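What follows is a set of notes on a single structure, which appears directly below.
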Amino acid sequence: MDQVVRRVPASRLPELLGAWRTGGGTLPRQLADAVEKAVRDGRLPVGAVLPAERLLAGALGLARGTVTTAYRLLREEGLIVTRTGAGSTVGLPPALHDRLSPWASDRGEAGRNGAPLDLTAAEPAAPLDDLLDAVREAADALPGALLADASEDDRPSALRGRIAALHTAQGLATDGGHLLLTSGADAALSLLSAAYLRPNARVVLDSPTYPGALALFRGAGARLVAQPLSPGGWDLAALDRTLAAARPALTYLVTDFHNPTGLLMGEEERAELRRRLRAHDTLVVLDETMRDLDLREGAAPPARAAGRAGDRNTVSVGSLSKSLWPGLRVGWIRAHPDVVRRLAALPLAAALAPSPFDRLVAARLLERREAVLARRIAQLRVRRDHLAARLAELPWCRFRVPDGGLSLWLELLDADARHLSERAAARGLALTPGFRFSPDGTLDRFLRLPFTLPPEALDTAVDRLAEAHASLSGAG
């Protein structure tokens, strides 16, 4: 699809920039910063052509040399590209085209010069170039999709067909009848809660576990039953006993690069889990949203769901949010066709479905999935190992290097995570203490530390964390 060239008139730019003279730094620096902020805020779209230097100088009441210097600063930072005869076009710095951490999480500063660092979100940034290509292709396909018969969604090029093919390629035969598309993994869990939970119904889940699931199950009025994870993983005999005692309506497990610990359930454990689950009348929900983020070198993909063919009591939940981009609200439930039909018949199912355009974008982004994942996994390995090496220098904590996922689960040996998080916040470091991941409010000696930020930002985070810890004993 051809991109429309958008020119920003000189008379319009002062309004778009707002009150940009802050009194700090030189005038060219202030102007360059104002343009950058307008790009971040979406007031200046990427691809827009800025006014010529002479025209902008007149509109802003500046000397032309001031605008010339500001444009030079923006070119050096990759925020504009100037071509003879074509003017200066708004762009994004090369570093943003294949970012792993969202720009908003570090505001492009990566903790430099005292800038805040936010380690509360474990999510990737958009794969910018691939996403933009997918959006353009989806826009071209939208008219035909809107005119197509609904039954055409089962064609191989459609989103549901692509997701089914991924499952089949990984050893679990799947077709469109096994899948219900949702607007993300949380929407899938909401739909399952509506179908299977009543007030005061019990839900058994790992401790720690994904905070979004905790919030959704609590919102449904469920009574949460914690099944503690050991440092090495799952105690399946203890889980068996818990299921027998609690008789839960739903059991929620994250067996693939567990959130927040990064643990991976082994092949023998999966076989044992499958065997033990047969004795219990509970819906088993296996959360696979972290599945693609396998940071092991050269290992085969984990085995798919622990359910058997024809099993109506085991479903899996997937999403593109952690592997590709959380802003694309596309997830799914993989289950027996009878279960899918039951869920699809709920009035809530239509409200929790992804939009037609999101489906088109997701289908086209999945065509690029392997290349995007390869780059991301390479980045994540470097950042995970960098963070682990820095944390290993601290004698007051311990951790296990995660097999996959986006975060590291840090145990504090002599401190309370809530108090340490408060001290860290005073130093510009936002953290999530362990009780946020606990069904019963425990885990007060743990922190989740995402490793999506660049290594230099992780260095700053560890330095601030160490300062915060020293302050607990009055040493800092």
Side-chain angles (χ1 to χ4, degrees), residues 96-102 122-141 145 153-176 178-185 187-188 256-257 259 264 286-305 316-334 354-383 403-406 452:
L96 297 184
H97 283 256
D98 197 25
R99 281 176 73 85
L100 186 60
S101 55
E123 59 185 32
L128 186 64
D129 294 329
D130 294 285
L131 179 62
L132 290 178
D133 288 342
V135 168
R136 291 170 188 137
E137 293 169 12
D140 285 342
D153 184 59
D154 290 327
R155 66 193 186 282
S157 61
L159 176 59
R160 187 156 45 183
R162 295 190 188 282
I163 296 169
L166 280 176
H167 282 73
T168 300
Q170 295 176 356
L172 185 62
T174 300
D175 59 33
H178 292 97
L179 293 169
L180 180 64
L181 299 179
T182 62
S183 55
D256 296 325
F257 312 117
N259 183 5
L264 174 66
L286 299 170
D287 189 331
E288 297 182 342
T289 55
M290 292 286 187
R291 178 181 173 82
D292 285 339
L293 300 176
D294 188 345
L295 305 184
R296 300 170 299 160
E297 295 278 2
R304 274 285 180 187
S316 62
V317 169
S319 169
L320 301 182
S321 65
K322 300 301 185 183
S323 56
L324 297 179
W325 184 43
L328 192 61
R329 305 305 301 166
V330 172
W332 58 87
I333 297 169
R334 197 278 178 196
S355 73
F357 191 68
D358 277 353
R359 290 167 65 149
L360 288 171
V361 174
R364 281 144 187 84
L365 193 55
L366 279 173
E367 295 174 1
R368 301 160 169 84
R369 171 180 171 274
E370 296 299 328
V372 173
L373 278 177
R375 296 195 302 269
R376 299 203 151 187
I377 286 171
Q379 289 176 311
L380 283 170
R381 282 198 191 108
V382 170
R383 298 180 184 193
D403 292 318
L406 296 167
T452 53

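Since the structure is predicted, the reported quantities are computational estimates derived from the model, not experimental observations. Atoms considered below: every heavy atom in the structure, side chains included; atoms not considered: hydrogens, waters and symmetry mates.
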How many angstroms lie between CD in Glu137 and CG in Leu132, if you round to the nearest 0.5 Å? 11.0 Å

From the list Asp256, Leu264, Leu406, side-chain contact (heavy atoms from CB on, under 4.5 Å) partner of Met290 resolves to Leu406

Per side-chain contact (heavy atoms from CB on, under 4.5 Å), Ser319 is matched among Thr182, Thr289, Leu324 by Thr289

[X] (side chain) donor-acceptor with [Y] (main chain) under 3.5 angstrom:
X	Y	result
His167	Ala164	no
Arg334	Ile163	no
Arg359	Leu159	no
Arg329	Gly184	no
Arg296	Ala300	yes
Thr174	Thr168	no
Lys322	Ala122	yes

Would you call [X] and [Y] a side-chain contact if the rule is heavy atoms closer than 4.5 Å?
X	Y	result
Leu366	Leu166	yes
Asp403	Phe257	yes
Arg162	Arg369	no
Asp294	Pro302	yes

Looking at every heavy atom in both [X] and [Y], which two are closest together, and how far apart are they?
X	Y	value
Arg160	Gly176	CD-O, 3.5 Å
Ala363	Ala158	CB-C, 4.4 Å
Ala188	Trp332	CB-O, 4.2 Å
Arg291	Ala303	NH1-O, 3.5 Å
Pro127	Arg376	N-NH2, 3.1 Å

Go through Leu295 and Ile377 one step at a time and tell me if the side-chain contact (heavy atoms from CB on, under 4.5 Å) criterion holds. CA-CA 6 Å; Leu295 305 184; Ile377 286 171; 4.0 Å; yes

Does Ser323 have any side-chain contact (heavy atoms from CB on, under 4.5 Å) partners at least two apart in sequence or in another chain, and if so, which? Asp292, Leu373

May I have the step-by-step check of salt bridge (charged side-chain N to carboxylate O under 4.0 Å, His left out) for Arg364 and Asp140, ending in yes or no? CA-CA 12 Å; Arg364 281 144 187 84; Asp140 285 342; over 6 Å; no

Using the side-chain contact (heavy atoms from CB on, under 4.5 Å) rule, take Phe357 and Val135 through it: C-alpha gap first, then chi angles, then the decisive distance, then the call. CA-CA 9 Å; Phe357 191 68; Val135 168; 4.1 Å; yes

